[in-house]
Participant: 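Can you keep this structure in mind? I'll have questions shortly.
Remember, it's 1-based here, ligands and their atoms both numbered in the order they're listed.
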Amino acid sequence: MLRLSPAALAAPLAVLAACASPSGTSSTATAPSPAAPSSATAGAISAADLRARLYAYADDSMRGREAGTIDNIRSTAWIAEQVKRIGLEPAGDNGTFFQAVPLSRRTPVANTSLTVDGTRYALWTDFGPFDVGGTAPDLDGAAAIFAGRLADTAHLAPPSAGAGRIVVVRASPGMAIFNAYAFVTARYPQAVAVAFGNQDNTVKQLEPYFSAGSVRLVGDDEPTGRRPALLMLGTRLTTALLGGAVDATAPGTVGRTVHGKVGFAETPAPARNVVAILRGTDPSLRGQYVALGAHSDHIGVRRDAQDQDSLRAYNQALHRLGAADPFTAIDPAKRATIRVNVDSLHHIRPAVMDSINNGADDDGSGSIGLIEIAEAWKNAHGADRPRRSVIFVWHTAEELGLFGSEYFTDHPTIPRDSIVAQINIDMIGRGSASDIVGGGPRYVELIGPRRLSTEYARLIEQVNAAEPVPFNIDYSFDADGHPENIYCRSDHANYARYGIPVAFFSTGQHSDYHQVSDEPQFIDYDHYASVVRLVYDVARAVANRDARLIVDKPKPDPKAECRQ
Ligand SMILES: [Zn+2]
């Protein structure tokens with residue numbers, strides 16, 4: 001699942017969120033269970049098969065499956081190999097299982113430096129340029145001006161003072177970088193750069209995010225034209241530019257001239273969807289498709305390793321304070337009460353240091369769930385075979401902005417209007433009472449179907465009621481305007497924008513969400529298997545009904561922003 005706000009851009013200025021720190025008194029760690037299984041898979045959907053495949057797919061060798069890196073090629077090759085063996089038809093580009101998705105990566109040009117009064121200042125030590133899209137104006141020869149403190153907007157330098165200059169400001173602690181940037185550029189639109197002074201920690205801590213660059217979908221809507229550059233300055237460069245300590249400088253003071261360039265280079269980034277078809281049996285219906293989707297990618301490798309036990313204990317403590325996941329805003333005073341001590345655990349075994357985001361739940365669970373469904377359906381006989389055709393899409397670059405599903409729905413490899421409904425599964429392997437409020441063995445979230453098709457929503461209810469033990473379906477995350485915005489945070493949203501009825505199944509957020517601790521040993525395989533069976537049953541019901549589902553709600557504008 002996509003993060004509610006982009007990782008680094010939402011980072012607060014000056015004070016960055018603290019990580020788990022092993023200190024204090026309480027002890028709450030969970031030992032990982034041993035032994036990855038390996039065995040041949042069977043035809044029917046089973047917890048054992050899901051487990052065997054998920055351990056392979058969420059293995060460290062997949063390196064976090066980040067789109068735009070070679071790791072996305074490796075993981076999608078693995079999926080294609082599985083579906084080829086199962087016997088699905090390729091439905092990507094040129095008779096292959098792959099649809100290339102044109103991504104492009106923008107990275108700050110290395111070896112960049114800035115010079116003030118003959119002294120050189122180094123990238124990622126003295127300053128960090130953050131990509132804001134569009135074209136950054138040339139900094140070379142521009143003078144700095146101190147505009148003031150964002151905590152004291154009544155005494156900022158007048159807007160005209162920023163024209164053609166590097167506008168240096170003092171940020172308010174805790175203000176998100178992009179909010180601060182938006183505020184300053186609105187006041188000084190003609191600035192060549194907006195620079196936050198004395199941000200030594202931010203420069204250092206955000207280097208891993210920003211030096212890796214940002215990835216975009218080529219041809220996608222994005223900010224274009226001239227935008228002031230965004231710079232974080234260390235104290236040394238801030239003082240040099242202003243000709244004195246920032247805190248002793250009056251708003252409106254013009255500083256020194258900078259020489260040098262801050263540029264971004266663009267290179268293609270590898271990414272591809274895996275697309276496969278199971279052909280329907282009914283000649284009059286097989287030209288229609290039920291689309292099943294999950295996302296193959298995850299968020300890759302961290303630069304720094306974390307102690308899994310400490311991290312889990314800390315995030316579980318956050319969860320007990322009411323955080324749905326580790327990114328939920330929690331009162332800093334409450335956060336400060338968390339004490340984690342894993343010493344006793346580490347007497348038994350050493351710390352597990354980890355830097356790979358394996359994404360077992362997100363979305364290893366959905367990706368493997370689709371493979372299990374494909375295998376079960378392919379092995380079915382007679383009336384259990386689908387009347388309509390089924391198209392399986394493992395979308396790439398979901399975590400980067402739902403790019404794979406955006407590209408597939410803009411450039412579908414089958415006629416778009418032949419897709420009668422879509423089902424998306426993302427994070428379906430957790431959902432216990434300790435993972436989510438209201439959780440338990442029959443917990444599942446459902447988002448979306450009623451938004452376009454009353455009939456679809458009703459059909460899913462009927463299928464669930466006929467399950468051996470029906471699920472307690474949680475519709476709360478589908479509420480209009482829900483602040484978690486889940487409806488817009490996974491791939492189904494790109495189908496819905498074209499008026500295709502969608503159903504998004506998930507077992508929801510938890511304390512390992514987007515952490516190195518999202519590991520296969522923390523999946524509940526029986527619960528997971530039962531969700532996959534429910535999804536299979538819903539897909540079969542849609543594929544085998546006589547009439548196509550009726551869309552009785554207004555279709556959205558496909559180019560409009562998604563709204564929960
Ligand atoms: Zn995710």
Participant: Return the set of residues passing salt bridge (charged side-chain N to carboxylate O under 4.0 Å, His left out) with D557 (not counting sequence neighbours), or none when no residue passes.
Facilitator: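 D557 satisfies salt bridge (charged side-chain N to carboxylate O under 4.0 Å, His left out) with no other residue.
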Participant: Could you grab the protein N, O or S atoms closer than 2.8 Å to the Zn ion (ligand 1) for me?
Facilitator: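 Short answer, with waters excluded from the count: M1 N, M1 O, D362 OD2, E399 OE1, E399 OE2, H514 NE2.
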Participant: Filter on salt bridge (Lys or Arg N to Asp or Glu O under 4.0 Å), then keep only pairs touching residues 441-453, sequence neighbours left out; what's left?
Facilitator: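 Qualifying pairs: R450-D478, R450-D480, R451-D478, R451-D480.
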Participant: F327: what forms a ring-ring contact (aromatic ring centres under 6.0 Å, His included) with it, not counting sequence neighbours?
Facilitator: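 For F327, the residues satisfying ring-ring contact (aromatic ring centres under 6.0 Å, His included) (neighbours in sequence not counted) are Y513.
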Participant: Start with the C-alpha gap between H319 and H510, add the side-chain angles, then the distance that decides, and say whether ring pair (Phe, Tyr, Trp, His ring centres under 6.0 Å) holds.
Facilitator: CA-CA 8 Å; H319 182 76; H510 50 77; 9.1 Å; no
Participant: Would you check if there is a donor-acceptor pair between the side chains of S367 and D363 at a distance under 3.5 Å?
Facilitator: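 Not at all, the side chains of D363 and S367 share no donor-acceptor pair under 3.5 Å.
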Participant: Salt bridge or not for E484 and R489, using N-O below 4.0 Å?
Facilitator: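 Judged by the 4.0 Å cut-off on N to carboxylate O distance, E484 and R489 do form a salt bridge.
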